[in-house]
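The model shown is predicted, which means the values in this text are computed figures rather than measured ones. For the single chain, residues carry numbers from 1 onward in sequence order.
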Amino acid sequence: MDLKFNNSRKYISISIPSKSEAMSPHIKSVDDIKVLGINLSKFQKPVQFFICVTGLFVFYLIYGYLQELIFSVEGFKPFGWYLTLVQFGFYSVFGLVELQLTQDKRRRIPAKTYMIIAFLTVGTMGLSNTSLGYLNYPTQVIFKCCKLIPVMIGGVFIQGKRYNAADVAAAVCMSAGLIWFTLADSTVAPNFNVTGVMLISMALCADAVIGNVQEKAMKLHNGSNSEMVLYSYSIGFVYILFGLVATSGLSPAIEFCSKYPFQTYGYAFLFSLTGYFGISFVLALIKLFGALLAVTVTTGRKAMTIVLSFLFFAKPFTFQYIWSGLLVVLGIFLNVYSKNMDVMKLSQIYSFLKKKGAEGKTRTFSQTV
């Protein structure tokens, strides 16, 4: 934008750059959303939704499969932190490549903020990966679905928040489902360990904090996603590296992985790549259709991940998994309902379903996020 001032005439001339001219990557156009080079703005809404959902399911289902596949390698379970180190390394490279493709390469968010975000990211992903050495993969996924619980506890004790009946009911359903699922796992799983429950619980607490910190930092300093990925994961890489060196855990991990390079480094690369791509489709889904629909789709993806885990990897099964899982899903629905009560009234949903069944037509809810 060019501003021209003339003292004699006292006029201001303002010129707006055309669409062909390059704009700052931090100024995102609502009509121009690209994912993996695909310009979604060229398609109709149903096609956009199909592309986002397909990409999300494909990449995250492969992500979950590879994560469990890596830990199925005999002898790898003690090296969860090393897997996180490799994952952070790949994410840093991906973030650097994406940042180099943009025109504005400045770091906008302060280094101190990135150090805090990196620490929380290490806690979230490192503890989550390490917990798989002690828990079945479906149990870990069920815990990840219940991030609402530590968020609510922190909101009550830290910010003095008050929650409505739907939020409280959601937390109760999630807690009951978690307890039931964990008890079922401890009964049928031969390698169940309370340490895994503690690790994934701490990962949830860190995950509950990191989202708020990231969102505040990106809004306050106008940072981009690629910048956030590059600096948070590269600093986190240094944290984990120092930790592994200090605890003498680096050499044994490198020695083990050198014996199985394809099953470890090869899977870890694909695991990291699919996770990086998957989050791109999640962000696009949120921008195009709102958080409500995005939560619904990602919850369905997690349910599918649990089903595929039982199909592809041999593990004991009990119907208590199903009932406890349904309790958690009910809790997620109540949580989503509480945040969209103005547009998601039960009477309207009933009328909508009734009319849809009678007419066979498709409609969408308007939503305020």
Side-chain angles (χ1 to χ4, degrees), residues 60 63-64 66-73 76-92 114-154 174-175 178-179 181-182 185-186 189 191-214 228-229 232-250 252-253 257 264 267-268 271-272 275-276 278-279 302 305-306 309 328:
Y60 268 120
Y63 175 89
L66 289 171
Q67 186 180 31
E68 190 168 6
L69 186 63
I70 293 172
F71 279 92
S72 67
V73 176
F76 185 81
K77 288 187 175 181
F79 305 121
W81 279 107
Y82 184 70
L83 173 64
T84 310
L85 177 72
V86 175
Q87 185 180 7
F88 272 51
F90 282 131
Y91 276 17
S92 300
Y114 273 127
M115 294 177 70
I116 297 174
I117 293 174
F119 178 80
L120 293 171
T121 307
V122 168
T124 299
M125 300 182 65
L127 294 172
S128 178
N129 285 337
T130 306
S131 69
L132 280 178
Y134 305 91
L135 294 175
N136 279 335
Y137 186 75
T139 305
Q140 189 216 46
V141 175
I142 283 290
F143 269 86
K144 285 183 176 181
C145 291
C146 300
K147 188 170 65 174
L148 169 69
I149 297 174
V151 169
M152 286 185 64
I153 294 175
M174 288 183 183
S175 300
L178 272 181
I179 294 172
F181 202 99
T182 305
D185 200 36
S186 65
N191 61 338
F192 178 81
N193 194 316
V194 180
T195 304
V197 176
M198 296 175 61
L199 290 172
I200 192 63
S201 298
M202 289 189 291
L204 275 183
C205 292
D207 193 26
V209 177
I210 190 174
N212 294 323
V213 177
Q214 284 179 328
M228 176 66 67
V229 169
S232 59
Y233 284 100
S234 58
I235 296 174
F237 179 89
V238 176
Y239 286 165
I240 301 173
L241 182 62
F242 277 119
L244 287 175
V245 171
T247 57
S248 302
L250 186 63
C257 292
T264 53
Y267 289 164
F271 163 68
S272 304
Y276 192 85
I279 192 62
K302 290 175 182 176
T305 300
I306 294 176
S309 176
V328 172

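Remark: Thr195 OG1 to Ile200 CD1 distance equals 13.5 Å, nearest 0.5 Å. Atoms CG and CG, on Leu199 and Leu135 in that order, are 8.0 Å from each other to the nearest 0.5 Å. Atom CZ of residue Phe88 and atom OG of residue Ser272 lie 10.0 Å apart, to the nearest 0.5 angstrom. Atoms OG1 and CZ, on Thr124 and Phe119 in that order, are 10.0 Å from each other to the nearest 0.5 Å.
The shortest heavy-atom contact between Ser131 and Gly196 is CB-O, 3.8 Å. The shortest heavy-atom contact between Gly123 and Ala206 is C-CB, 4.2 Å. Of all the heavy atoms in Cys257 and Phe76, the pair that sits closest is SG-CE1, 4.0 Å. The minimum heavy-atom distance linking Ser128 with Ala203 is given by the pair N-CB, 3.8 Å. Minimum interatomic distance between Gly80 and Asn129 (heavy atoms only, all atoms of both residues): O-CB, 3.9 Å. Nearest heavy atom pair, residue Ala118 against residue Gly236, reads CB-N, 3.6 Å.
Other residues, nucleotides and ligands contribute more than 12 heavy atoms inside 6.0 Å of the CE atom of Met202. Within a 6.0 Å radius of OH in Tyr239, other residues, nucleotides and ligands contribute more than 12 heavy atoms.
Contact annotation: the side chain of Leu250 never approaches that of Phe79 to less than 4.5 Å [non-hydrogen atoms, C-beta and beyond]. Taking the side chain as every heavy atom from C-beta outward, Tyr63 and Gln67 approach each other to under 4.5 Å. Phe271 has its side chain out of reach of Leu69: every pair of non-hydrogen atoms, C-beta onward, lies at least 4.5 Å apart. Within the 4.5 Å cutoff, the side chain of Tyr134 has no heavy atoms near those of the Met198 side chain. Counting only heavy atoms from C-beta outward, the side chains of Thr84 and Val122 never approach each other to under 4.5 Å. For the pair Leu83/Phe71, a side-chain contact is recorded, criterion being any heavy-atom separation below 4.5 Å from C-beta on.
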Quiz item: Checking side chain to side chain contact (heavy atoms under 4.5 Å, CB included) for the pair Val229/Tyr276: CA distance, chi angles, key distance, verdict?
Solution: CA-CA 10 Å; Val229 169; Tyr276 192 85; 3.6 Å; yes
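Tyr233 meets the side-chain hydrogen bond (donor to acceptor under 3.5 Å, both in side chains) test with no other residue; sequence neighbours excluded. Residues meeting the side-chain hydrogen bond (donor to acceptor under 3.5 Å, both in side chains) test with Ser72, sequence neighbours left out: none.
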